Number of protein chains: 2
Amino acid sequence: MKNPPSTYRCPCGATLSLIGGKYKIVILWFLYQNSVLRFNELHRLVPEATTKMLAQQLRELEADKLVERKVYPVVPPKVEYSLTPFGRSVLPVLEAMNAWGASYLEAHGA
Amino acid sequence: MKNPPSTYRCPCGATLSLIGGKYKIVILWFLYQNSVLRFNELHRLVPEATTKMLAQQLRELEADKLVERKVYPVVPPKVEYSLTPFGRSVLPVLEAMNAWGASYLEAHGA
DNA sequence: CGGTATCCGCATCGATACTG
DNA sequence: CAGTATCGATGCGGATACCG
């Protein structure tokens, strides 16, 4: 997602540039709920994302230091994803979104 | 933005479907800051949005009852945008995003 | 298991012109 | 002032195939 100039007038823009990707918030949310997840575990939780998209979003989150990727040199391969401390700092945003979304779903037909 | 199936497992998805549009959060933020804004006032605050996009996002926010559009039948035309009570209820999300974005911009080079 | 690589359709978005 | 209409390019993202 682009980093719009009005970032300077609204820091929300900076937030969106980091966690505004199509599946990023959902990924962060499930990683927060589960602490550690392997690729396919995460994929089962977010089945509407293709392998490609899930990997791409994870790479971006990793590049932005929100997510840690730990590779175990074993066969079959084992890779674990978890939140970094910085990633955990997004929690207030996630919780606000989760709470608002939940109340919306409750009010309107879920 | 689409409404992913994992909405059912993560209400954040519902939130994103309402405020996840390209300029929606920034729009909501400025409307919260200013209470009432005319179309061109808002456009000056979000100059990277084209007229088309700004209008489109505002229509969607209006359809979702987050924003109220008040038209004054005068020449030249006068239209005022403001948050509905429901729109104001998103504030916790906006503030969380703003706070996190601000601290990020402070830590890294803005 | 945990991914890449490639191709490509199609929605999104920008640019431009025009209007009440 | 506050938009709409239209066209066309871009790039996101899905489908598929393949790899260490």
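As the structure is a computational prediction, the values presented were derived from the model and not from experiment. Chain A is the first sequence line, chain B the second, and so forth, proteins listed ahead of strands; every chain is numbered from 1.
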> When rounded to the nearest 0.5 angstrom, what distance separates CG in A:Asn98 from OG in A:Ser103?
Replying inline: 10.0 Å
Under 3.5 Å, which N/O atoms of the protein pair with N/O atoms of nucleotides 17-20 of chain D?
none

> Looking at residues at least two apart in the chain, or sitting in another chain, which of them share a side-chain contact (heavy atoms from CB on, under 4.5 Å) with A:Tyr32?
Replying inline: A:Leu83, A:Leu91
>> What is the distance, to the nearest angstrom, from the CG atom on B:Leu54 to the C1' atom on C:dG14?
In response: 14 Å
>> Taking any heavy-atom pair under 4.0 Å as a contact, classify B:Tyr72: base, sugar-phosphate, or nothing.
In response: nothing
>> Please pick, from D:dT6, C:dG3, D:dG14, the nucleotide with the shortest atom-to-atom distance to any side-chain atom of A:Met53.
In response: D:dG14
> To the side chain of B:Arg69, which of D:dG14, D:dA2, C:dT4 is closest?
Replying inline: D:dA2
>> What is the distance, to the nearest angstrom, from the OH atom on B:Tyr23 to the P atom on C:dT12?
In response: 14 Å
>> Nearest 0.5 Å, please: how far is OG1 in A:Thr15 from OH in B:Tyr104?
In response: 10.0 Å
> Stepwise, does the side chain to side chain contact (heavy atoms under 4.5 Å, CB included) test hold for B:Arg69 with B:Val79?
Replying inline: CA-CA 7 Å; B:Arg69 179 170 180 262; B:Val79 178; 3.8 Å; yes
>> For a quick test of reading the model: is some side-chain N or O of A:Thr50 closer than 4.0 Å to OP1 or OP2 of D:dG14?
In response: yes
> Bend across the helix from C:dC1-D:dG20 to C:dG20-D:dC1, to 10°, with axes taken over 5 pairs at each end?
Replying inline: 60°
> Under the side chain to side chain contact (heavy atoms under 4.5 Å, CB included) criterion, do B:Asn34 and B:Leu45 qualify, and how do the steps go?
Replying inline: CA-CA 11 Å; B:Asn34 296 275; B:Leu45 292 170; 4.0 Å; yes
> How many Å lie between CZ on B:Arg44 and P on D:dG3, as a whole number?
Replying inline: 13 Å
>> Taking side-chain hydrogen bond (donor to acceptor under 3.5 Å, both in side chains) as the cut-off, I'd like each qualifying pair that reaches into residues 84-96 of chain B, sequence neighbours left out, listed once.
In response: A:Trp100-B:Ser89
> Quick one: on DNA chain D, does A:Lys52 or B:Lys52 contact a more 5' nucleotide (nearest heavy atom)?
Replying inline: B:Lys52
> Separation of B:Arg59 atom CZ from D:dA5 atom C1', in whole Å?
Replying inline: 14 Å
May I have the list of side-chain donor-acceptor pairs in residues 52-59 of chain A shorter than 3.5 Å, sequence neighbours left out?
residue : atom : partner : partner atom : Å
A:Gln57 : OE1  : A:Lys22 : N            : 3.3
A:Gln57 : OE1  : A:Tyr23 : N            : 3.1
A:Gln57 : OE1  : A:Lys24 : N            : 3.4
A:Arg59 : NH1  : A:Tyr81 : OH           : 3.3

> How long is the gap from OG on B:Ser17 to CG on B:Asp64, to the nearest 0.5 Å?
Replying inline: 7.5 Å
> Between D:dC12 and B:Lys22, is there an OP1 or OP2 to side-chain N/O distance shorter than 4.0 Å?
Replying inline: no
> Out of curiosity, A:Leu16 CG to B:Ile25 CD1, how far, rounded to the nearest 0.5 Å?
Replying inline: 4.5 Å
> Contact class for B:Thr51 (heavy atom, under 4.0 Å): base, sugar-phosphate, or nothing?
Replying inline: base
>> Rounded to whole Å, please give me the gap between CG in A:Leu58 and C1' in C:dC1.
In response: 15 Å
> Where does the angle between the aromatic ring planes of A:Phe86 and B:His108 fall among parallel (under 30°), tilted (30 to 60°) and perpendicular (over 60°)?
Replying inline: tilted
>> Between C1' on C:dG14 and CD on B:Gln57, what's the gap in Å once rounded to a whole number?
In response: 14 Å
> Taking for each residue the nucleotide of DNA chain C with the nearest heavy atom, is it A:Gln56 or A:Pro76 whose nucleotide lies nearer the 5' end?
Replying inline: A:Pro76
>> With rounding to the nearest 0.5 angstrom, report the CD to CG distance, B:Glu68 to B:Leu31.
In response: 11.0 Å
>> For the CD1 atom of A:Ile27 and the CD1 atom of A:Ile19, what is their distance to the nearest 0.5 Å?
In response: 12.0 Å
> Which residues, if any, of residues 33-43 of chain A bring a heavy atom under 4.0 Å of DNA chain C?
Replying inline: A:Arg38, A:Phe39, A:Asn40
> Over how many whole Å does the gap from B:Glu62 atom CD to D:dG3 atom C1' extend?
Replying inline: 13 Å
>> Whole angstroms only, please: what is the CD-C1' distance between A:Glu48 and D:dG14?
In response: 13 Å
